[in-house]
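Everything below concerns the one structure shown next.
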Amino acid sequence: MTEYKRKEFFDDPTGIPLDELDFSSSRLFESGTAWLPYFERLRNEDPIHYQKDSPFGPFWSITKFRDIQFVDKNNKLFSAEPSIVMGDVILDEKIVEMFIAMDNPRHDTQRAAVQNVVQPTTLAALEPLIRERIGGILDSLPEGEAFDWVDKVSIELTGRMLATLFDFPQEERRTLTYWSDLGLSLPELTDGNTDPDERIEGLMECLSRFTEIWHQKAELSQEELEKNIDLVSMFIRTEKTKDMVERPLEYLGNLLLLIIGGNDTTRNSLTGGVLAMHQNPEAFELLKSDLSLIPNMVPEIIRWQTPLTYMRRIALQDVELGGKLIKKGDKVVMWYVSGNRDEEVIETPNKLVIDRKNARQHLSFGFGIHRCMGNRLAEMQIRVTWEEIMKRFSKLEVVKDPVYVQSNFVKGYSEMMVKLTRK
Ligand code: HEM
């Protein structure tokens with residue numbers, strides 16, 4: 001990758017040959033909007049696009065809604081192994097294995113073992129706790145004075161939720177956030193200077209802490225375990241996972257998948273929702289006049305934000321798609337962020353339309369066997385947050401451009417200054 005190509009990202013891509021644009025750059029999402037015209041060009045000019053050089057080698061970009069669905073659903077044609085990010089690892093394979101990057105039959109067995117944690121009865125039991133916690137957070141916010149929504153609300157809330165899900169001490173919740181950040185701090189995603197030793201050390205600390213928690217829970221009576229709604233208790237009382245602690249790589253993989261899965265994505269949807277409202281003031285006015293729109297607004301926010309920009313696959317055989325020949329072994333990137341702005345499927349896709357029909361028709365949670373396992377939990381957290389926001393505030397102003405995360409995978413915010421007016 002030459003310096004010249006990198007510089008082009010900050011310019012208008014109009015007129016630049018597609019072959020000279022790098023769609024893998026972590027800087028594309030850092031400026032907040034640069035990605036929009038890039039992917040619009042791909043959708044219009046070359047929706048299944050082969051980029052022959054990138055820091056991650058050659059790859060295909062799939063950019064239209066229906067083509068993305070096709071790839072995601074056809075898990076016999078496209079493999080999620082060994083990694084779902086452009087670079088070849090998400091976490092050193094020798095350390096952990098996650099079912100998000102496994103094909104069947106292993107995937108289904110592992111997913112079945114943990115999916116009770118997000119079953120409807122657990123979610124129903126969690127909802128009052130979430131409501132109480134978000135209420136507490138919102139009540140503590142300053143009025144009429146700018147503060148960082150990311151730190152004070154989004155991170156705080158998702159941290160508290162994770163601590164609840166794992167029955168981890170609330171006062172140490174930021175450690176969970178730290179482990180999640182470490183899990184995603186790969187140079188492959190950020191172009192950043194992550195210290196590999198710090199990562200390994202942090203992740204080992206995570207395993208050792210949760211091994212301790214496991215042994216404490218294992219002392220509980222069967223009756224007590226049955227009552228608990230935390231993840232570790234569920235692992236212990238479920239036949240397939242009751243001895244998972246003896247398979248540390250699998251245990252750590254499952255922990256990290258849930259910690260990471262439930263953290264950045266929800267966090268950035270909570271921040272993105274406020275930004276979307278700020279940029280679409282008519283949506284906020286409509287919401288004020290009809291709070292029953294909140295459940296429909298939630299998937300619309302998740303579409304608008306698209307917290308994970310893509311998932312990657314490898315073709316298991318030659319596949320013809322949209323007139324292009326994807327060869328066996330080729331790397332394929334499903335750009336959810338682009339499919340969610342595909343005008344052929346979603347009208348006025350750049351707008352937040354909270355009463356949109358078919359708001360659930362979006363790609364942010366993926367499709368097929370890997371479809372997000374925590375989608376209902378995420379939606380519930382975002383819904384409850386907005387219900388509690390609307391009880392308290394008449395105005396939410398974003399007073400400065402947010403600071404966006406530099407990553408080609410996580411579409412999110414590291415800071416967003418907000419001023420509130422209470423009712
Ligand atoms: C707005 C919030 C969220 C978004 C946008 C999101 C997005 C995604 C996406 C795109 C996938 C991969 C889908 C595919 O390959 O087809 C995924 C998988 C997954 N997510 Fe989420 N996620 C969110 C929240 C959560 C939460 C709260 C949890 C955990 C409690 C979670 C746990 C998982 C797990 C375990 C998988 C792997 C599923 C599998 O491979 O079978 N996610 N998520």
Side-chain angles (χ1 to χ4, degrees), residues 1-13 16 18-42 49-63 68 83-92 100-101 150 154-155 177-178 180-196 198-199 260-261 263-265 267-269 271-272 275 305-313 331-341 363-364 401-416:
M1 191 55 44
T2 63
E3 279 307 307
Y4 173 73
K5 279 190 185 168
R6 284 198 178 284
K7 189 167 162 275
E8 295 297 344
F9 272 107
F10 297 100
D11 300 329
D12 181 355
I16 298 168
L18 288 180
D19 283 352
E20 287 178 24
L21 299 177
D22 177 11
F23 291 87
S24 76
S25 169
S26 62
R27 323 249 358 220
L28 197 51
F29 298 96
E30 196 196 12
S31 77
T33 50
W35 63 276
L36 281 162
Y38 274 74
F39 286 103
E40 198 179 332
R41 280 202 54 195
L42 280 192
H49 171 74
Y50 189 67
Q51 182 173 326
K52 46 183 188 310
D53 66 339
S54 89
F56 315 105
F59 67 94
W60 290 93
S61 281
I62 314 291
T63 56
I68 292 167
S83 166
I84 44 87
V85 297
M86 282 190 208
D88 273 332
V89 283
I90 180 156
L91 289 159
D92 187 339
I100 197 168
V150 174
S154 306
I155 296 185
T177 312
Y178 170 69
S180 170
D181 290 345
L182 270 190
L184 278 176
S185 66
L186 283 174
E188 284 86 350
L189 305 183
T190 62
D191 276 355
N193 307 318
T194 2
D195 175 356
E198 188 195 344
R199 272 186 82 240
I260 297 172
N263 190 32
D264 272 55
T265 50
R267 182 203 296 182
N268 290 320
S269 303
T271 310
L275 181 66
Q305 178 57 33
T306 317
L308 297 179
T309 60
Y310 72 86
M311 287 282 151
R312 165 199 130 166
R313 298 291 185 258
K331 208 181 263 189
V332 177
V333 174
M334 304 178 284
W335 288 107
Y336 298 137
V337 76
S338 170
N340 274 342
R341 304 289 172 120
L363 297 167
S364 300
D401 280 345
V403 181
Y404 296 88
V405 170
Q406 186 190 333
S407 167
N408 65 20
F409 182 66
V410 174
K411 183 162 161 289
Y413 312 86
S414 51
E415 185 193 281
M416 191 173 82

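- Nearest heavy atom pair, residue Tyr413 against residue Val150, reads O-CG1, 3.7 Å.
- In this structure, CD on Gln51 lies 6.5 Å from OG on Ser61, to the nearest 0.5 angstrom.
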Inset, instruction - For the pair Arg27 and Gln406, evaluate side-chain contact (heavy atoms from CB on, under 4.5 Å) and give the outcome as yes or no after the intermediate values. - result: CA-CA 6 Å; Arg27 323 249 358 220; Gln406 186 190 333; 3.9 Å; yes

Inset, instruction - Quick one: do Ser269 and Gln305 satisfy side-chain hydrogen bond (donor to acceptor under 3.5 Å, both in side chains)? Show the steps, please. - result: CA-CA 6 Å; Ser269 303; Gln305 178 57 33; over 6 Å; no

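- Here CE of Met86 is found 4.5 Å from CZ of Phe59. Values are rounded to the nearest 0.5 Å.
- Here the two rings, on Tyr310 and Phe409, have centers that are under 6.0 Å apart.
- Arg312 places no side-chain N or O within 3.5 Å of a backbone atom of Met334 that could act as its donor or acceptor partner.
- Met416 places none of its side-chain heavy atoms less than 4.5 Å from the side chain of Val403.
- Taking all atoms of both residues into account, the shortest heavy-atom contact from Gly87 to Ser83 is O-OG, 3.3 Å.
- Side-chain contact check for Val405 versus Glu30: every heavy-atom pair is 4.5 Å or farther apart.
- Distance alone, capped at 3.5 Å, is enough to place a donor-acceptor pair between the Ser338 side chain and the Thr63 backbone.
- The structure places OH of Tyr178 at 14.0 Å from CG of Asn263, a figure rounded to the nearest 0.5 Å.
- Checked against salt bridge (Lys or Arg N to Asp or Glu O under 4.0 Å), Arg267 has the following partners two or more places apart in sequence or in another chain: Asp181, Asp264.
- The OH atom of Tyr404 sits 12.0 Å away from atom CD of Glu415, with the distance rounded to the nearest 0.5 Å.
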Legend entry - Evaluation steps, side-chain contact (heavy atoms from CB on, under 4.5 Å), between Tyr38 and Leu28: CA-CA 9 Å; Tyr38 274 74; Leu28 197 51; 3.8 Å; yes

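- Side chain of Lys411 to main chain of Gly32: no donor-acceptor pair is present (N/O by atom type, distance under 3.5 Å, no hydrogens or angles).
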Inset, instruction - Start with the C-alpha gap between Ser154 and Thr271, add the side-chain angles, then the distance that decides, and say whether side-chain hydrogen bond (donor to acceptor under 3.5 Å, both in side chains) holds. - result: CA-CA 6 Å; Ser154 306; Thr271 310; 2.8 Å; yes

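- Ring geometry, Phe39 versus Trp335: the interplanar angle falls from 30° to 60°, so the pair is classed tilted.
- Checking side-chain atoms of Asn340 against main-chain N and O of Leu363 turns up a donor-acceptor pair under 3.5 Å.
- Tyr336 OH to Met311 CE: the interatomic distance, rounded to the nearest 0.5 Å, is 5.5 Å.
- Thr306 places no side-chain N or O within donor-acceptor distance of the main-chain N or O of Leu308, the cut-off being under 3.5 Å.
- Of all non-hydrogen atoms in Ser25 and Asn408, the two that sit nearest each other are O-CB, 3.9 Å.
- Of the inter-residue distances, the one linking Ile155 atom CD1 with Thr177 atom OG1 reads 6.5 Å to the nearest 0.5 angstrom.
- The side-chain heavy atoms of Trp35 and Arg341, taken from C-beta on, include a pair separated by under 4.5 Å.
- Partners of Thr309 by side-chain hydrogen bond (donor to acceptor under 3.5 Å, both in side chains), not counting sequence neighbours: none found.
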Inset, instruction - For side-chain contact (heavy atoms from CB on, under 4.5 Å), just list the numbers for Ile62 and His49, CA-CA rounded to whole Å, side-chain angles, deciding distance to a tenth of an Å, and then say yes or no. - result: CA-CA 7 Å; Ile62 314 291; His49 171 74; over 6 Å; no

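- Under the 4.5 Å side-chain criterion, counting only non-hydrogen atoms from C-beta, Arg313 is not in contact with Val333.
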